[in-house]
Protein chains: 2
Amino acid sequence: MSSATTTAPHPAGLARKLADSGLRSTPQREVVYEVLLKRRDHPTADEVFTRVKPELPSISLATVYNCLETLVQCDLVRAVNFERGPTRYCPNLIPHAHFHDEVTGQTHDIDLPPALFAKLKAVVPAGFDANAVEITFRGKFIASSVN
Amino acid sequence: MSSATTTAPHPAGLARKLADSGLRSTPQREVVYEVLLKRRDHPTADEVFTRVKPELPSISLATVYNCLETLVQCDLVRAVNFERGPTRYCPNLIPHAHFHDEVTGQTHDIDLPPALFAKLKAVVPAGFDANAVEITFRGKFIASSVN
DNA sequence: CCCCTTCTTTGGAATAGTTCTAATTATCGC
DNA sequence: GCGATAATTAGAACTATTCCAAAGAAGGGG
């Protein structure tokens with residue numbers, strides 16, 4: 001597989017991305033990443049821990065934090081925060097917003113047209129050099145009759 | 001100083017707003033609110049605590065948290081979060097974005113045209129009922145020699 | 001292969017920010 | 001002034017996370 005411009009979120013890509021940063025591929029890192037790809041529901045470190053445990057029963061919570069941090073560093077995963085709640089992790093690398101459901105506590109991805117991102121960055125006054133923007137909606141997810 | 005200037009909320013308005021919610025006006029609440037109005041640099045609870053202390057030497061940190069929570073509840077103050085850092089407080093009630101300086105840790109208000117807020121809400125898919133949107137830029141503030 | 005260095009994992013202790021609790025103190029309506 | 005209610009206080013408790021020091025892999029050169 002030839003290298004793409006955008007990394008496809010694939011367990012296989014992990015080893016390469018890690019090597020690029022001079023880091024080793026380990027079972028712990030692989031399983032943590034797989035878990036994130038498998039269920040993209042923005043789990044917390046603790047939730048990742050319980051999902052990884054059956055596969056690697058001797059893994060520690062500290063290692064889960066380490067692995068998640070490593071994945072974020074390697075730009076394979078995004079850390080998402082909402083109002084001092086525990087950090088959640090998201091393997092969707094395409095710029096997008098988040099919707100936080102205040103009833104269920106769930107976090108959903110919201111796609112945004114790239115033009116909007118551009119417009120947002122355009123309103124930042126001179127003197128401010130913004131290299132990232134974070135957009136979070138808060139509200140309720142209303143069951144749609146369509147499914 | 002950043003842009004977003006507003007209807008200057010006045011300490012006087014506090015008693016009324018509190019009464020509206022069936023709450024009492026107390027020296028602690030008044031001084032906490034005054035401190036927020038006086039220096040609008042998005043202080044943390046701890047920073048508010050040290051600023052209030054000279055005025056009310058016997059106030060406790062718990063009370064500062066209580067007062068801030070009350071002010072947020074009464075819609076006199078906004079709580080602002082950035083990446084699991086301590087909550088900061090902002091008496092600017094007009095919808096606006098925040099710019100977080102990753103070098104100094106300072107938070108600045110950024111005015112946004114109301115049309116942009118409207119556009120943002122428009123991209124939220126059907127089924128999601130958003131009642132608030134939070135926009136945070138991250139980057140560096142490039143020295144303007146003026147302060 | 002074996003050794004050496006380096007990287008990684010691990011469990012537990014430590015930390016930061018915040019909330020909880022139970023007791024005291026202030027305030028309002030009568 | 002009195003009783004009911006609300007607010008404040010100090011300190012303990014809590015949560016999410018990071019730190020630490022020791023033990024465990026994992027390549028690379030001889």
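The figures here come from the full heavy-atom set of this structure, side chains too, leaving out hydrogens, waters and symmetry mates. Chain identifiers are assigned alphabetically (A, B, ...) following the order of the sequence lines, protein sequences preceding nucleic acid strands; residue numbering begins at 1 within each chain.
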Interface limits on DNA chain C, where chain A has a heavy atom under 4.0 Å of a nucleotide atom: C/dT6 to C/dT18

With sequence neighbours excluded, residues passing side chain to side chain donor-acceptor pair (under 3.5 Å) with B/D75: none

Quick one: list whatever passes side chain to side chain donor-acceptor pair (under 3.5 Å) with A/N66, sequence neighbours left out. none

Taking for each residue the nucleotide of DNA chain C bearing the nearest heavy atom, is the 5' side occupied by A/C67 or by B/R24? A/C67

Residue set satisfying side chain to side chain donor-acceptor pair (under 3.5 Å) with A/S25, at least two apart, ordered chain then number -> A/E30

Protein-proximity profile, nucleotides 9-19 of chain D, B/S/- by nucleotide at the 4.0 Å heavy-atom cutoff, equals BBB----SBBB

Which pairs, with at least one residue in residues 53-65 of chain B and sequence neighbours excluded, count as a side chain to side chain donor-acceptor pair (under 3.5 Å)? B/S60-B/T63

Enumerate donor-acceptor pairs with a distance under 3.5 Å from any side-chain N or O in residues 121-135 of chain B to protein atoms, sequence neighbours excluded.
unit_1: B/N131; atom_1: ND2; unit_2: A/E102; atom_2: OE2; d: 2.9

What is the distance, rounded to the nearest whole Å, between atom CG of A/L18 and atom C1' of D/dA26? 15 Å

Whole angstroms only, please: what is the CG-P distance between A/L23 and D/dG27? 14 Å

Atom-to-atom span, CD of B/Q73 to C1' of D/dA6 - whole angstrom: 16 Å

Who pairs with A/R39 by side chain to side chain donor-acceptor pair (under 3.5 Å), at least two apart in sequence or on another chain? A/D41

Set of residues satisfying ring-ring contact (aromatic ring centres under 6.0 Å, His included) with respect to A/H100, sequence neighbours excluded: A/F82

How about A/D109 and A/H96: does a side-chain donor come under 3.5 Å of a side-chain acceptor? yes

